[in-house]
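Since we're looking at a predicted model, the values are computed, not measured.
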Amino acid sequence: TLNIKFDDLSVKDKLKELINQNSYIFNTKVILVFFDHEEECQIAGVVNNHIITMDNRIIKVDSLKDIKIFEK
């Protein structure tokens, strides 16, 4: 469980916190919330302004409205 007030953060800040809390973001399960739908995925990494998923998709961070983290 993350030790931060995650709901109040922007998408970019959530990604930063994930990286800081989990020095190993690889394989983190999340729900990506787009403006018109949601998708479950596993994050393989974050490069510049993009999320790379375990299934090799590249998602622009700016296309996301929110990121929800699966609680362990």
Side-chain angles (χ1 to χ4, degrees):
T1 305
L2 296 174
N3 301 325
I4 52 172
K5 188 75 177 140
F6 203 67
D7 293 340
D8 297 336
L9 298 176
S10 71
V11 172
K12 288 180 183 179
D13 287 338
K14 287 180 182 184
L15 285 172
K16 284 181 198 167
E17 287 296 330
L18 272 175
I19 292 166
N20 291 340
Q21 292 261 329
N22 252 344
S23 57
Y24 198 59
I25 196 171
F26 185 74
N27 218 11
T28 301
K29 287 186 176 186
V30 297
I31 298 173
L32 300 178
V33 181
F34 294 87
F35 290 91
D36 59 348
H37 70 286
E38 295 184 359
E39 293 178 20
E40 288 183 24
C41 79
Q42 291 177 284
I43 296 177
V46 178
V47 178
N48 298 326
N49 197 36
H50 296 85
I51 294 170
I52 291 92
T53 66
M54 291 296 289
D55 58 356
N56 292 321
R57 292 182 41 230
I58 298 173
I59 298 165
K60 196 168 184 180
V61 172
D62 295 339
S63 69
L64 298 173
K65 184 171 137 183
D66 196 11
I67 295 177
K68 298 176 186 173
I69 307 301
F70 280 94
E71 294 294 327
K72 293 181 180 176

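Looking at heavy atoms from C-beta onward, Val30 lies out of side-chain contact with Ile51 at the 4.5 angstrom threshold. When side chains are defined from C-beta on, Asp66 counts as touching Lys14, because their heavy atoms get closer than 4.5 Å. In this structure the side chain of Val33 never reaches within 4.5 angstrom of the side chain of Leu64, judged on heavy atoms. Side-chain atoms of Lys65 and Val11, non-hydrogen and from C-beta on, never get closer than 4.5 Å to each other.
Residues passing the side chain to side chain donor-acceptor pair (under 3.5 Å) test with Gln42 are Asn27, sequence neighbours excluded. Under the rule for a side chain to side chain donor-acceptor pair (under 3.5 Å), the partners of Thr53 that lie at least two apart in sequence or sit in another chain are Asp55. Residues satisfying the salt bridge (charged side-chain N to carboxylate O under 4.0 Å, His left out) test with Lys12, not counting sequence neighbours, are Asp62. In this structure Ile52 satisfies the side-chain contact (heavy atoms from CB on, under 4.5 Å) test together with Ala44, Val47, Ile58, sequence neighbours excluded.
For residues 31-51, every residue pair satisfying the ring-ring contact (aromatic ring centres under 6.0 Å, His included) rule, not counting sequence neighbours, is listed here: Phe34-His37. Sorted by first and then second residue, the salt bridge (charged side-chain N to carboxylate O under 4.0 Å, His left out) pairs involving residues 34-51 (not counting sequence neighbours) are Glu38-Lys68, Glu39-Arg57. Evaluation of the salt bridge (charged side-chain N to carboxylate O under 4.0 Å, His left out) test over residues 44-54, restricted to residues two or more places apart or in two chains, returns none.
Atom CG of Leu32 is separated from atom CD1 of Ile43 by 6.5 Å, given to the nearest 0.5 angstrom.
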